Amino acid sequence: MGTMPARRPVERGRRKGPIKVASQEGFETMSRVPSLSSPFLLGFDEIERALDRVAKGADGYPPYNIERIARENNVPERLRITLAVAGFTRDQLDVTVEESQLVIRGRQQEDKARQYLHRGIAARQFQRTFVLADGMDVLGADLKNGLLSIDLARPEPERIVKTISITDSD
């Protein structure tokens, strides 16, 4: 008896060969379907608008990190946003909370007295916005070695169970 050739496993859901793309002719532009349009998500219109605002304002400058700092002793869990703001002084930076948004702005003035042979570091303005969940508390901001760190307290959600009485309407 001879040995049978090994069978390749069948990949389901994957199509082999080139993928055919329908041409644009005859197709109208589709309107954007809201991501929170499920009938089970009621009252999330404001969140959708906030997501749209964040998506429009994301240009990538300045770069930033967001880290979770675990609970220690009596200090609750926190979030820390760190922005790379090299060249900015404390007086050129503003950190504000506006309508549940954390807004960080940087403004630098051109130094007209300097004459550059090469200008690779631009004096530029920026605005970076983060949408805050209800109850988020901004604890403070610190500028050190060109890094602006902003600490936020993450609220501990209170678990509430409410029983709704059912009336008999016969």
Side-chain angles (χ1 to χ4, degrees), residues 19 21 24 27-162 164:
I19 298 172
V21 178
Q24 295 293 335
F27 289 96
E28 293 182 28
T29 307
M30 292 177 49
S31 62
R32 182 177 165 270
V33 177
S35 58
L36 300 174
S37 64
S38 170
F40 300 111
L41 298 173
L42 302 175
F44 287 90
D45 301 338
E46 189 62 35
I47 293 173
E48 183 134 17
R49 283 192 289 275
L51 289 172
D52 287 342
R53 282 193 307 261
V54 169
K56 289 177 185 172
D59 73 346
Y61 180 79
Y64 64 93
N65 292 336
I66 300 176
E67 63 183 298
R68 183 186 331 245
I69 300 173
R71 172 189 298 267
E72 298 174 346
N73 303 328
N74 288 339
V75 180
E77 180 181 75
R78 295 169 303 177
L79 297 177
R80 177 171 291 153
I81 301 171
T82 304
L83 288 92
V85 292
F88 286 86
T89 64
R90 189 172 57 88
D91 296 336
Q92 296 170 330
L93 297 168
D94 289 319
V95 179
T96 57
V97 176
E98 303 170 11
E99 297 179 13
S100 76
Q101 293 184 358
L102 175 64
V103 180
I104 301 109
R105 292 182 181 93
R107 294 178 188 89
Q108 286 182 327
Q109 298 294 323
E110 287 283 332
D111 188 356
K112 307 242 188 252
R114 291 185 174 189
Q115 188 175 26
Y116 293 98
L117 299 177
H118 170 76
R119 182 83 188 253
I121 304 171
R124 66 189 277 191
Q125 297 183 15
F126 72 86
Q127 177 174 314
R128 173 70 69 179
T129 304
F130 298 91
V131 177
L132 301 177
D134 287 340
M136 288 294 283
D137 188 24
V138 179
L139 301 175
D142 181 50
L143 180 64
K144 184 177 180 182
N145 298 329
L147 297 174
L148 175 65
S149 297
I150 302 163
D151 285 352
L152 306 149
R154 189 186 232 355
E156 299 272 336
E158 185 178 324
R159 181 152 173 108
I160 299 172
V161 177
K162 181 179 178 182
I164 310 300

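If you're wondering where the values come from, they're calculated on a predicted model, not measured in any experiment.
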Close side-chain approach of Leu148 to Tyr64, heavy-atom, < 4.5 Å: no
So OG of Ser149 and CG of Leu139: to nearest 0.5 Å the spacing works out to 12.5 Å
Which distance, rounded to the nearest 0.5 Å, do you find between the CD of Gln127 and the OG1 of Thr96? 8.0 Å
Report yes if some heavy atom in the side chain of Val95 is under 4.5 Å from a heavy atom in the side chain of Leu93; otherwise report no. no
Met136 and Val138, any side-chain heavy atoms less than 4.5 Å apart: no
When the side chains of residues 113-120 are checked against the rest of the protein, which donor-acceptor pairs come out under 3.5 Å, sequence neighbours left out?
{"from": "Arg114", "atom 1": "NE", "to": "Asp111", "atom 2": "OD2", "distance (Å)": "3.3"}
{"from": "Arg119", "atom 1": "NE", "to": "Ile121", "atom 2": "O", "distance (Å)": "2.9"}
{"from": "Arg119", "atom 1": "NH1", "to": "Glu110", "atom 2": "OE1", "distance (Å)": "3.2"}

So OG1 of Thr129 and CD1 of Ile104: to nearest 0.5 Å the spacing works out to 7.5 Å
To the nearest 0.5 Å, how far apart are CG in Asp137 and CG in Leu132? 9.5 Å
So how far is it from Asp151 CG to Asp142 CG, rounded to the nearest 0.5 Å? 8.5 Å
Would the number of heavy atoms belonging to other residues, nucleotides or ligands and lying under 6.0 Å from CD of Glu72 be above 12? no
Could you walk me through whether Ile66 and Phe130 pass the side chain to side chain contact (heavy atoms under 4.5 Å, CB included) check? CA-CA 11 Å; Ile66 300 176; Phe130 298 91; 4.0 Å; yes
Phe126 and Pro62: which non-hydrogen atoms are nearest, and at how many Å? CD1-CD, 3.4 Å
Enter the distance from Leu152:CG to Ile69:CD1 here, rounded to the nearest 0.5 Å. 9.5 Å
Is a side-chain donor or acceptor of Arg90 paired with a backbone partner of Leu143 at a separation under 3.5 angstrom? no
Could I get the full list of salt bridge (Lys or Arg N to Asp or Glu O under 4.0 Å) partners for Glu98, not counting sequence neighbours? Arg105
Going by side-chain contact (heavy atoms from CB on, under 4.5 Å), name the residues that satisfy it together with Gln125, two or more places apart in sequence or in a different chain. Arg107
What's the shortest heavy-atom distance between Phe88 and Arg124, and which atoms? CZ-O, 3.3 Å
